[in-house]
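What follows is a short report on a single structure.
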2 protein chains.
Amino acid sequence: MTAVVSFSDLKRVCGNCSLRELCLPYGISATDLKQLEQMVQRLSPIARGKPLFQQGDPLRSIFAIRTGSVKSVTVAEDGAEQITGFHFPGELVGFDAIAADVHDCSVVALEDTSVCEIPFDRLDELSGSVPGLRRQLMRLLSREIQQDQQMLLLLGKKGSEARLAAFLLSLSSRFVGRGLSASRFHLSMSRGEIANYLGLAMETISRLLARFQQDGLMTVDGREVTLLDLPRLHVVADMGGEGGGLTRRREG
Amino acid sequence: MTAVVSFSDLKRVCGNCSLRELCLPYGISATDLKQLEQMVQRLSPIARGKPLFQQGDPLRSIFAIRTGSVKSVTVAEDGAEQITGFHFPGELVGFDAIAADVHDCSVVALEDTSVCEIPFDRLDELSGSVPGLRRQLMRLLSREIQQDQQMLLLLGKKGSEARLAAFLLSLSSRFVGRGLSASRFHLSMSRGEIANYLGLAMETISRLLARFQQDGLMTVDGREVTLLDLPRLHVVADMGGEGGGLTRRREG
DNA sequence: AAAGCACCTTGACCTGGATCAAAGTCGGGT
DNA sequence: ACCCGACTTTGATCCAGGTCAAGGTGCTTT
């Protein structure tokens with residue numbers, strides 16, 4: 001092991017590429033970092049609506065979103081499509097494919113999007129020699145499990161208002177992490193995509209947004225959104241359990 | 001690296017413990033295996049209703065179910081409980097905790113259950129020196145992501161019949177994997193727990209089981225279940241998408 | 001064998017959100 | 001400027017599944 005790389009060195013290498021998330025806090029040596037740097041390729045931007053990879057494609061690489069945004073979509077045998085996630089700069093996609101070496105969802109750009117490609121076998125190899133990288137990879141996989149399970153709770157136990165509020169708050173907190181505004185942002189996905197993601201009908205999203213606005217929780221102008229009352233949105237997002245006021249019985 | 005261990009050696013070491021799933025097909029050396037063997041501890045059986053670990057506990061170990069069965073439960077801030085999974089012999093639990101070093105679900109025994117405990121930091125350490133083990137760990141994490149996303153599709157897009165049918169088929173195929181009958185088995189969870197897991201009301205489960213029986217799809221006697229028509233159950237499980245006959249519009 | 005309890009079933013009714021329908025809005029192309 | 005197609009809003013109606021209520025069923029305890 002050679003010297004640990006400084007923060008500024010890293011910034012030079014990855015810029016604000018999301019890969020710094022992958023390696024930063026875990027002490028990577030200069031040689032290891034060089035290897036990591038060399039394995040990453042910048043792809044030409046993906047146009048809105050174009051897939052980064054598709055369900056059924058063999059696992060070749062993991063991708064990091066640099067700019068723009070994407071959705072991941074799973075289609076069932078019967079043709080039903082479920083959006084399983086939206087991803088923004090600094091986030092990685094493709095982890096679903098490790099289990100079977102085949103992607104079981106498609107990832108599609110919601111707007112013009114640039115990504116970095118990380119060939120998986122090289123990443124795997126390097127993670128053998130860099131314990132911090134291995135831990136970080138596992139952490140990322142585990143985080144995805146957590147998020148999906150949080151989503152299961154949302155779909156299994158919460159009503160439409162709580163779902164939408166939770167969705168807006170999730171976007172907000174992720175934008176904050178990127179140094180953007182917590183309360184004012186642009187939705188890169190359509191109402192229909194939000195609806196699909198939350199297991200609701202498009203019309204319901206439309207009505208809910210109108211109601212939230214009317215209740216002073218937020219402002220909506222097309223896809224431009226301003227959250228006016230974060231605390232109350234949190235209350236709405238937490239509604240619907242047996243702990244709160246209005247119960248919603250479901251188990252015996 | 002010393003000699004690769006034979007299948008029979010492995011059987012001696014892990015018996016039919018689920019850990020063989022973790023290491024078997026990936027060529028582990030005798031010394032490595034010895035290390036793995038030494039790190040695994042057999043816990044005294046967990047009584048029905050007792051937790052293996054609880055939401056909020058720090059990550060210490062991963063657990064492999066040896067006999068019996070467990071459920072994992074997440075409780076939201078508002079008190080709503082969501083069962084995020086059922087686990088049977090040969091399956092591992094605890095992966096959710098890697099991201100934050102804290103378990104974000106509780107795992108509770110559905111019947112008297114015996115498990116093996118695998119201290120996580122030792123597993124992590126060993127996985128550094130054994131590439132096959134590392135790959136297998138990643139595969140397991142990734143598989144959990146896949147399963148959760150499959151579940152998201154179920155909760156987001158399918159009706160009650162499809163959910164229950166898919167649930168029964170999932171149990172069936174998992175039991176087959178353990179060498180048990182695909183069509184005849186015992187439910188170790190209550191109707192209420194099934195309902196909670198599937199995002200339905202207990203009464204709905206009860207009614208659906210009655211209807212499935214009446215339709216000749218299966219036989220129910222308390223918690224004893226016999227699947228009579230696997231193919232038709234598959235059809236029911238796949239219902240509800242825009243590809244099939246009866247549509248269920250949701251996106252624009 | 002009676003009581004107690006946890007679990008399950010069945011029926012009657014209600015409601016949240018889906019579906020159907022019909023305009024309205026906006027951005028991009030010619 | 002105008003048109004076109006994709007997206008969004010809003011209203012009316014419907015229904016799958018939740019909720020409420022009232023018994024069963026069967027196991028364990030005494």
Side-chain angles (χ1 to χ4, degrees), chain A residues 47-49 71 80 108 110-112 154-165 167 186-214 219-225 236 239-242 246-252, chain B residues 47-49 71 80 108 110-112 154-165 167 186-214 219-225 236 239-242 246-252:
Chain A
R48 170 187 155 84
K71 61 175 173 181
V108 178
L110 292 171
E111 56 195 315
D112 291 1
L154 205 66
L155 294 189
K157 293 277 159 315
K158 302 298 189 83
S160 59
E161 298 189 354
R163 292 186 202 185
L164 184 56
F167 172 71
H186 176 83
L187 301 172
S188 56
M189 68 293 292
S190 72
R191 304 284 191 269
E193 287 165 330
I194 297 174
N196 181 301
Y197 178 61
L198 296 178
L200 300 168
M202 187 184 41
E203 294 91 329
T204 302
I205 300 298
S206 206
R207 280 187 254 266
L208 248 34
L209 285 174
R211 192 185 324 164
F212 281 4
Q213 179 158 36
Q214 187 179 317
T219 269
V220 192
D221 174 27
R223 294 186 174 191
E224 227 53 54
V225 144
V236 174
M239 270 185 347
E242 14 239 302
L246 316 170
T247 47
R248 185 174 294 264
R249 188 172 66 90
R250 244 147 183 168
E251 194 191 348
Chain B
R48 169 187 156 83
K71 60 176 174 181
V108 178
L110 292 171
E111 56 196 314
D112 290 1
L154 205 65
L155 294 190
K157 292 278 159 315
K158 303 301 190 80
S160 58
E161 297 189 354
R163 293 187 201 184
L164 184 56
F167 172 70
H186 176 83
L187 302 172
S188 55
M189 69 292 292
S190 73
R191 304 284 192 271
E193 286 165 331
I194 297 174
N196 180 300
Y197 178 61
L198 296 177
L200 299 168
M202 185 184 42
E203 294 91 329
T204 302
I205 301 298
S206 206
R207 279 187 255 267
L208 284 174
L209 286 174
R211 191 184 323 162
F212 281 4
Q213 180 159 34
Q214 186 179 319
T219 270
V220 192
D221 174 28
R223 294 186 173 190
E224 226 54 53
V225 144
V236 174
M239 272 185 346
E242 14 240 300
L246 316 171
T247 46
R248 184 174 296 262
R249 186 172 66 90
R250 244 144 182 171
E251 194 188 352

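Naming: A, B, ... by sequence-line order, numbering from 1 per chain. For the numbers below, each heavy atom of this structure counts, side chains included, while hydrogens, waters and symmetry mates do not.
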Whole Å only: how far is the [atom1] atom of [X] from the [atom2] atom of [N]?
| X | N | atom1 | atom2 | result |
| --- | --- | --- | --- | --- |
| A:Lys158 | C:dG17 | NZ | C1' | 18 Å |
| A:Glu224 | C:dC26 | CD | C1' | 14 Å |
| B:Glu203 | D:dG17 | CD | P | 14 Å |
| A:Leu155 | C:dG17 | CG | C1' | 14 Å |
| A:His186 | D:dC7 | NE2 | P | 13 Å |
| B:Arg211 | D:dG17 | CZ | C1' | 10 Å |
| B:Asp221 | D:dG26 | CG | P | 8 Å |
| A:Ile194 | D:dT8 | CD1 | P | 8 Å |

| message | If you only use heavy atoms from C-beta on, which nucleotide in C:dC8, C:dA18, D:dT19 is closest to the side chain of A:Ala201? | response |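 Comparing C:dC8, C:dA18, D:dT19 against the side chain of A:Ala201, the answer is C:dA18.
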| Given C:dT9, C:dG17, D:dC7, the nucleotide with the shortest approach to the side chain of A:Arg48 |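 The listed nucleotide nearest to A:Arg48's side chain is D:dC7.
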Distance check, rounded to the nearest 0.5 Å: [X] atom [atom1] versus [Y] atom [atom2]?
| X | Y | atom1 | atom2 | value |
| --- | --- | --- | --- | --- |
| A:Asp221 | A:Leu209 | CG | CG | 12.0 Å |
| B:Phe167 | B:Leu187 | CZ | CG | 6.5 Å |
| A:Met239 | A:Lys157 | CE | NZ | 16.0 Å |

| request: Could you tell me whether the side chain of A:Glu193 and the main chain of A:Ser190 form a donor-acceptor pair under 3.5 Å? | output: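 Answer holds: yes.
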| task | Look at the side-chain N and O atoms of A:Thr204 and state whether any lies under 4.0 Å from the OP1 or OP2 oxygen of C:dG17. | result |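 No, no such contact exists.
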| Would you say D:dG17 has OP1 or OP2 under 4.0 Å from some side-chain N or O of B:Ser160? |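 Checking B:Ser160 against D:dG17: at least one side-chain N or O falls below 4.0 Å of OP1 or OP2.
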| field | base_contact_polar (D:dC7 base, A:Glu193 side chain, donor-acceptor, <3.5 Å) | value |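 Side chain to base: no pair below 3.5 Å.
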| Near B:Arg48 CZ, under 6.0 Å, is it more than 12 heavy atoms from other residues, nucleotides or ligands? |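 No, because the 6.0 Å sphere around CZ of B:Arg48 holds 12 heavy atoms or fewer from other groups.
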| task | By nearest nucleotide on DNA chain D, pick out whichever of A:Arg207 and A:Arg223 is the more 5' one. | result |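 Residue closer to the 5' terminus by nearest nucleotide: A:Arg223.
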